[in-house]
Amino acid sequence: MASLRIATWNINSVRLRLPLLGEVARSLEPDIICLQETKCPDELLPLDGLKALGFPYVAARGMKGYNGVAILSRIPFETRTNDPDWCLKGDCRHLGITLDAPGGPIELHDFYVPAGGDIPDRAANPKFGHKLDFVAEATTWSVARGENRRSVMVGDLNIAPLEQDVWSHKQLLDVVSHTPVEVAALGAWQRAGAWHDAVRHFVPEDQKLYTWWSYRARDWLAADRGRRLDHVWVSPDLAGTLRSHAILKAARGWEKASDHVPVMIELAL
DNA sequence: ATGGTCGATAGTCGA
C-alpha cells in the first residue's frame, strides 16, 4: 500500500507567502499541493523556490493581480489541456492534471470558484450571477463526463454547504457562501459527479468544521466565526482508500497568514 | 455598533 497525500490551500499570493508554503510542506508533508489565489502571472511564478520546497513538478495557470491556481507535486503528472474556459472569462480558476499515482493514473482538478460579491442577488450583483453560472457550468460538464473514476477534486469552492460548515447557520442564510441557492448549486455539482466529501468522511456532519476565518475579526480565534469554504472530493471508487485528513488550523495564526488554512487528505493506494 | 483587514496595484478592486 502506497500513501498519497493531497493538500489544498488558498494561499492568497504565492509570492508573498512562499515561506509559509514551506511551513505547510513541513507540517503536512503532502505529495501534492493545490493552490488558489496565487495572484501571480505564470512568468513571475517563483519556480525555483517552489521546487526547492521539494516539489519538482509544477503547473500553474495565473494572471496579473487576481485569481490564479497552481499545482505542486513530488510525483510526475501531465497537465490537462482541453478543459473548459469557465464562463469564457479566461480568469484562471481551474487547473486539471493526470497524476502518475501508485496503482495507476489519478485525475486531479484544482478549482477556485468565484467568491460572488456581497449581495446574494443575481440581478443586483453580477458577481453572484457569475458564481452561480460557474457552478452550473461545472455541473453540466460533470454530467457530460459521466461517473468519475480515480478522480479527486479540490479547491476553494467559496460555498459552505452544511449547517455545521458555518458558525451560525441561521445568521448566514442570507450571506454569500451559505445561501440556499448556492448550497443547492454545489449539491447538484457534487451529485453530478457522484463526488464523495472526503473531509466529512472523517468528521461527522453534526460537528463544526471551518477552513476560513475573516481577516476582519478582531480576534479570529476567540470569535471563531469560520466557514468551511475549502473542499476535497473524491470519486466513489476512491472513497474506500481514504485513510486520514488534516485541517491545518494553526496556519491561520501564523505571522502574515492567509485567511484560508490548508486542508489535506491521505489515500492508501 | 453595516464596521472591520487583507493583497495587488498604483486608483481602486476583489475578497
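Lettering follows sequence order; numbering is per chain, from 1. What you see is a predicted model; the values in this text were computed from it and never measured.
- Contact check for Trp189(A) versus Val113(A): side-chain heavy atoms found under the 4.5 Å cut-off.
- Between the P atom of dT5(B) and the CG atom of Asp259(A) lies a distance of 14 Å, rounded to the nearest Å.
- If you measure from atom CD1 of Ile11(A) to atom P of dG7(B), you get 12 Å, rounded to the nearest angstrom.
- Rounded to an integer number of Å, the gap from CD of Glu37(A) to C1' of dG14(B) is 8 Å.
- The aromatic ring centroids of His109(A) and Trp141(A) lie less than 6.0 Å from each other.
- Computed from coordinates, the His130(A) NE2 to dA15(B) C1' distance equals 14 Å when rounded to whole Å.
- Atom CG in Asp156(A) sits about 16 Å away from atom P in dG7(B), given to the nearest Å.
- Note: CG (Asn158(A)) to P (dG14(B)) measures 14 Å, nearest angstrom.
- The separation of dT12(B) from dT2(B), taken at their P atoms, amounts to 25 Å, rounded to a whole angstrom.
- Both tests do not hold together for Arg225(A) against Trp213(A): distance to the six-membered ring centre under 6.0 Å, angle to the ring axis within 45°.
- Taking the C1' atom of each, dG4(B) and dG14(B) are spaced 16 Å apart, rounded to whole Å.
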Task: Contact state string [nucleotides 8-13 of chain B, B base, S sugar-phosphate only, - no protein heavy atom under 4.0 Å] - done: SSS---
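- Going from the C1' atom of dA15(B) to that of dT9(B) covers 15 Å, rounded to whole Å.
- The separation of dG3(B) from dA8(B), taken at their P atoms, amounts to 26 Å, rounded to a whole angstrom.
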Donor-acceptor pairs are to be reported for all side-chain atoms of residues 19-35 of chain A against protein atoms at under 3.5 Å, with residues two or more places apart or in another chain.
from: Glu23(A); atom 1: OE2; to: Arg26(A); atom 2: NH2; distance (Å): 2.9
from: Ser27(A); atom 1: OG; to: Glu23(A); atom 2: O; distance (Å): 2.8
from: Asp31(A); atom 1: OD2; to: Arg5(A); atom 2: N; distance (Å): 2.8

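- Nucleic acid contact class of Arg93(A) (heavy atoms, under 4.0 Å, all strands): sugar-phosphate only.
- Comparing Gly116(A) and Ala217(A) by the nucleotide of DNA chain B whose heavy atom lies nearest to each, the residue mapping closer to the 5' end is Ala217(A).
- Residue contacts for Arg225(A): at a heavy-atom cut-off of 4.0 Å it reaches no nucleic acid atom on any strand shown.
- Distance Gln36(A) CD to dG7(B) P: 17 Å, rounded to the nearest Å.
- Seen from the ring of Phe55(A), Arg74(A) counts as a face-on cation partner, given the 6.0 Å and 45° thresholds.
- Taking 4.5 Å as the limit, every side-chain heavy atom of Met264(A) sits out of range of all side-chain heavy atoms of Ser244(A).
- Rounded to whole angstrom, the span from the CD1 atom of Ile159(A) across to the P atom of dA15(B) amounts to 14 Å.
- Two rings, from His196(A) and Trp233(A), have their centers 6.0 Å or more apart.
- The shortest distance between the side-chain N/O atoms of Arg17(A) and the OP1/OP2 oxygens of dG7(B) is below 4.0 Å.
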